[in-house]
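One structure below.
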Amino acid sequence: MHIEKQISNYYDMLLKRNAGEPEFHQALSEVLDSLKIVLNKDPHYADYGLVERLCEPERQLIFRVPWTDDRGNVCVNRGFRVQFNSALGPYKGGLRFHPSVNLGIIKFLGFEQIFKNSLTGLPIGGGKGGSDFDPKGKSDAEIMRFCQSFMTELHRYIGEYQDVPAGDIGVGGREIGYLFGQFRRLENRHESGVLTGKGLSWGGSLVRTEATGYGLVYLTAEMMKTHGESFDGAKVIVSGSGNVAIYAAEKVQQLGGTVVAMSDSAGYVETPNGVDIELLKDVKEVRRERISVYAQEAGVKYDEGGNIWATPADVALPCATQNELDVDAARLLAENGVRYVAEGANMPCTAEAVHYFVGSQLNFAPGKAANAGGVATSALEMQQNASRDSWSFDYTDKRLHEIMSNIFKNIDRTAREYDMEGDYVAGANIAGFKKVADAMLAQGVV
Ligand code: NDP
């Protein structure tokens, strides 16, 4: 059968099988589009049901998470872990605690994770998990009870050689601590390699906190270098103000750029003279306050419900959440002079926005490649755990930097190899796919 037709049949089947999961459809559609190019050149990748197997998670876990709030009320949330693909190594991917979480969102994230993890060059498979639990406004004790209940179910399915969760939206160092404590109690074993993003004194790695944001900037800098440009003197929009956004902003400014706007889900701040990173960390990481509090204390303008993408800049780094940047925003960015866009968040640009970027003069790096620094450093944390070692900040940062440079070279080279120079979406999908596909073909129909 003709490749186009074959892929279109797969996609129709996948829509039926995964009804009501638009984010997963969006992620599937983008990857399948790139696969047409590979399958036309290398048809053996369609053998042994490879594409169907790749698009079906190896295992999907859904479980009840009952917990008691501070007033004694029993609350019930839903927990998820999607173990998508373990051909390259144990499942690896974060846990997201956010009220918007559902199975389709976890599947889209787990699917993307397969290719991202493959691009890091490290031996990790793809998975993702989380819960529709909303950590906002919860006390520390409530967060702890929720994490303990979540782990009481999850612990049966994870392990150093099996599945290694980490943080994501709503899951940072505090949550990883409570989750690890409960795992250790239930298993009666200090298995440091079971979770990443741990505290430094109990198996964590230096640079893990900074890794996604720093890695994003390292990869973007490589992309800028191909056009003789750098962050020095560049104006940069960074959306969000969570873990990824904070450390992306820090690295941009260390490299001589100015972060001109940041946001949260309620509004954005205009920072024409740059962001005071220490104040931002204190507001967001220590006091867990809103970005409006930063604006008040820094004496900068806060625009509630405003459009961060209307800010004139050279570079845009969307670092908040999926589909936060649509095609209107994409056009606005281009009109206002933005020349580089790199995704810090997972799938922050809608499919139309991605199409627009890829078809324009603008340079666009997809999240699979651009935000892989977090999971890469998680894999470095696993290496340190396995060898009972802990590396210095500079050494770990150097490893991260090398990994991000290699990812850029790989996606750039792959795009050229398939006559799609500058299309880093195709480059990332194809390079990520081929490594996993080769492993799956070698391991037979499982
Ligand atoms: P955090 O929870 O630390 O921060 C998320 C930020 O995004 C917050 O500022 C939050 O604002 C904002 N946000 C969330 N939802 C929306 C929305 N609907 N509209 C606008 N802003 C929103 O998460 P992370 O920084 O860890 O993750 C951000 C993104 O990066 C996610 O897509 C995640 O999957 C991805 N990622 C994270 C990695 C990591 O290592 N942490 C690794 C790779 C990817 P508010 O507080 O108002 O909700």
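What you see is a predicted model; the values in this text were computed from it and never measured. We use all heavy atoms of the structure for the numbers below, so side chains are in, but hydrogens, waters and symmetry mates are not. Read the numbers this way: they start at 1 and go in the same order the structure lists the ligands and their atoms.
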(request) Please check if a non-hydrogen protein atom sits closer than 4.0 Å to atom 10 (C) of ligand 1. (result) no
(request) Return the residue, atom name and 0.1 Å-rounded distance of the protein heavy atom closest to atom 33 (C) of ligand 1. (result) D168 OD1, 3.1 Å
Under 4.0 Å, heavy-atom basis, I'd like to know which part of [X] is in contact with ligand 1: side chain, backbone, both or neither.
X    : value
E285 : neither
T212 : side chain
E324 : neither

Counting heavy atoms only, which of [options] comes nearest to [atom]?
atom                    : options                : answer
atom 30 (O) of ligand 1 : G170, A372, A345       : A345
atom 16 (C) of ligand 1 : T321, N371, T209       : T321
atom 5 (C) of ligand 1  : A166, G367, A320, G240 : A320
atom 20 (C) of ligand 1 : G197, A211, S265, P348 : S265

(request) Can you measure from NZ (K409) to CD (E222) and round to the nearest 0.5 angstrom? (result) 6.0 Å
(message) A quick test of your reading: do over 12 heavy atoms of other residues, nucleotides or ligands sit less than 6.0 Å from CZ of R78?
(response) no
(message) Any carboxylate oxygen within less than 4.0 angstrom of a Lys/Arg side-chain nitrogen, looking at E187 and R156?
(response) no
(message) With a 4.0 Å cut-off on N to O distance, would you call D69 and R71 a salt bridge?
(response) yes
